[in-house]
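Notes for the one structure printed next.
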Amino acid sequence: MPKHIADQKNKPKVKISEFLFGAALSAHQVEGNNIHSDWWKFEQEVLSKKGISSDVATNHYELYEEDFALAKKIGHNSHRVSIEWAKVEPEKGKIDFTVIEHYKKVLATLKANDLKPVVTLLHFTMPQWFAKRGGFLYKKNIKTFVEYAKFLVQELKSDLEFVITINEPVVYAYQSYLTGTWTPQKKKFRLYKKILKNLAKTHNQLYHELKHVSPSLKISIAKNNQVFEPSRRHNLLDNILAQYFRYTWNYQFLDRIKHSIDFIGLNYYFYRGVKFKRALAKNFYQFPYPTCRKSDMDWEVFPKGIYINIMDLHKRYKLPIIVTENGVADDTDKLRESFLKESLEWVFKAKKEGANVFGYLHWALTDNFEWDHGFDPRFGLIKIDYNNLSRSVRPSALVYQKLIEKYQNQLKSEQKDKQ
Ligand code: BGC
């Protein structure tokens with residue numbers, strides 16, 4: 001029997017007694033002083049010219065206890081964090097054990113606050129020494145990351161259950177190797193394809209290796225999936241194009257790793273109306289936005305898309321699903337409230353219709369460093385005052401808290417009815 005089929009059969013069932021409600025963060029975006037990472041270098045050399053640098057970020061590295069206590073206070077029972085490889089292994093082969101101790105405390109603090117951790121191993125950033133060797137562009141480098149991840153999981157395994165190996169591999173490949181917006185600023189389709197293949201390989205290897213370290217782990221990736229719809233409903237070319245994007249953006253990567261995931265982590269942000277444009281030979285498509293609500297980043301706000309994506313994933317892969325990210329940049333906090341309300345309605349509709357959704361983690365717990373956009377976009381349920389790094393709970397966070405209570409009660413009574 002092929003190995004992946006045998007593994008498939010031995011997979012632990014993702015059985016969660018409690019629906020996970022919470023929020024997410026990633027290390028580089030909040031911890032601060034990620035000085036050994038490729039992103040830090042990129043900020044110093046490139047982004048700082050536009051006044052963008054992550055600097056101390058929200059100083060979450062020191063203030064994580066306060067942040068987690070707030071998450072508990074606003075009703076969360078789960079939280080997604082990432083572990084910063086560049087801090088754990090700032091120089092090749094040299095592990096900083098004070099950092100390992102730090103992350104042990106982070107996980108223990110989550111536990112003490114009754115927040116079930118969902119832990120990401122790679123959220124867009126890596127050590128400078130690894131990036132210098134070409135990062136994931138070279139197959140020979142995959143082993144280096146796999147060895148590091150095995151070591152890390154060995155150290156932390158008593159507090160791990162849900163592991164996300166790689167955050168949004170397609171977004172990373174797209175931004176870093178196709179549009180060149182992110183480090184290492186490459187713009188080559190060939191490299192984009194190559195990096196995607198290597199990231200899939202990395203995940204597949206990691207899945208098997210990490211299961212040896214800790215068989216009870218539930219492992220997946222966080223996949224950014226989008227809604228692609230034909231701009232002109234009855235236009236054949238628009239329809240073909242929408243299908244093409246659905247496959248290449250949403251499914252191709254998942255198809256490559258579908259035998260080595262226990263569940264699917266879904267990050268949902270984007271709606272795209274796809275229009276075929278004959279005039280442009282090279283860029284034969286465009287993404288026109290229909291007029292509907294927009295976030296501060298000018299991204300279209302389309303909560304129903306979460307339902308569309310969950311149902312598509314459910315039908316195609318028949319695996320449990322957790323929303324690992326979903327949110328809006330909304331400084332005034334005017335949109336977030338209805339966004340949360342509508343998004344959760346759609347998530348629970350999908351659940352009612354048979355999708356095995358077991359959690360919703362909002363992006364983000366606090367405001368944070370939004371990559372090449374700096375600190376301006378405000379995604380947090382908790383507001384950060386960057387003058388003094390004080391935290392204050394936004395009104396929408398309290399609305400989310402009420403929604404959590406409502407859905408928890410609903411789930412409990414459904415449970416009772418079943419008994
Ligand atoms: C990423 C986050 C990012 C968020 C909002 C996701 O693509 O995982 O790091 O902050 O979207 O842009």
Side-chain angles (χ1 to χ4, degrees), residues 22-32 34 37-40 42-43 47 52 54 57-58 60 67 79-86 118-126 162-179 181-183 196 199 203 220-227 249-250 253 264-272 294-303 305-306 309 322-331 335-336 339-340 343 359-384:
L25 288 174
S26 93
H28 185 79
Q29 295 178 270
V30 289
E31 285 183 350
N34 195 10
S37 68
D38 60 340
W39 258 84
W40 186 270
F42 177 52
E43 289 166 25
L47 296 180
I52 291 170
S54 58
T58 73
H60 176 78
D67 290 340
H79 181 69
R80 179 174 169 220
V81 291
S82 80
I83 291 181
E84 190 55 55
W85 182 14
V118 176
V119 177
T120 311
L121 304 182
L122 197 80
H123 196 119
F124 298 151
T125 54
M126 58 194 69
F162 294 99
V163 171
I164 299 291
T165 55
I166 303 169
N167 181 65
E168 298 191 342
V170 184
V171 171
Y172 169 71
Y174 181 80
Q175 298 280 68
S176 300
Y177 289 90
L178 193 60
T179 66
T181 325
W182 292 357
T183 182
L196 283 174
L199 288 175
H203 171 87
S220 189
I221 61 164
K223 181 69 187 58
N224 175 299
N225 273 16
Q226 312 189 358
V227 175
W249 187 274
N250 288 349
F253 194 89
I264 294 173
L266 166 68
N267 290 3
Y268 170 66
Y269 292 96
F270 295 103
Y271 173 88
R272 315 276 194 194
K294 299 263 185 81
S295 76
D296 293 350
M297 293 182 84
D298 226 21
W299 297 355
E300 191 151 346
V301 178
F302 182 62
I306 205 166
N309 274 304
I322 175 171
V323 177
T324 32
E325 283 183 40
N326 173 235
V328 272
D330 177 24
D331 190 15
L335 259 179
R336 197 172 286 105
F339 178 83
L340 277 158
S343 297
Y360 174 88
L361 303 177
H362 190 75
W363 183 268
L365 179 64
T366 64
D367 289 335
N368 57 73
F369 178 71
E370 179 56 28
W371 307 111
D372 54 314
H373 296 276
F375 288 105
D376 283 347
R378 301 291 190 136
F379 277 93
L381 293 164
I382 295 166
K383 178 181 173 163
I384 302 285

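Read the numbers this way: they start at 1 and go in the same order the structure lists the ligands and their atoms.
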List ligand 1's nitrogen or oxygen atoms that come under 3.5 Å of a protein nitrogen or oxygen, with the partner atom and distance.
unit_1	atom_1	unit_2	atom_2	d
ligand 1	7 (O)	E168	OE1	2.5
ligand 1	7 (O)	E168	OE2	3.0
ligand 1	8 (O)	H123	NE2	3.1
ligand 1	8 (O)	N167	ND2	2.9
ligand 1	8 (O)	E325	OE1	3.1
ligand 1	8 (O)	E325	OE2	2.8
ligand 1	9 (O)	Q29	OE1	2.8
ligand 1	9 (O)	Q29	NE2	3.4
ligand 1	9 (O)	H123	NE2	2.9
ligand 1	9 (O)	W371	NE1	3.0
ligand 1	10 (O)	Q29	NE2	2.8
ligand 1	10 (O)	W363	NE1	3.3
ligand 1	10 (O)	E370	OE1	2.7
ligand 1	11 (O)	Y269	OH	3.4
ligand 1	11 (O)	E325	OE1	3.3
ligand 1	12 (O)	E370	OE1	3.4
ligand 1	12 (O)	E370	OE2	2.6

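Tested against T324 for a side-chain contact (heavy atoms from CB on, under 4.5 Å), the candidates T120, I164, N224, I221 yield a single pass: I164.
By the 30° and 60° cut-offs, the orientation of the rings of W299 relative to F379 is tilted. Ring geometry, H362 versus Y360: the interplanar angle falls from 30° to 60°, so the pair is classed tilted. W182 and W371 have tilted rings, their planes meeting at an angle from 30° to 60° on a 0 to 90° scale.
Salt bridge annotation for E325-R80: present, with a cationic side-chain nitrogen under 4.0 angstrom from a carboxylate oxygen.
For D331, the side chain to side chain contact (heavy atoms under 4.5 Å, CB included) test picks out D296, R378, R394, with sequence neighbours left out.
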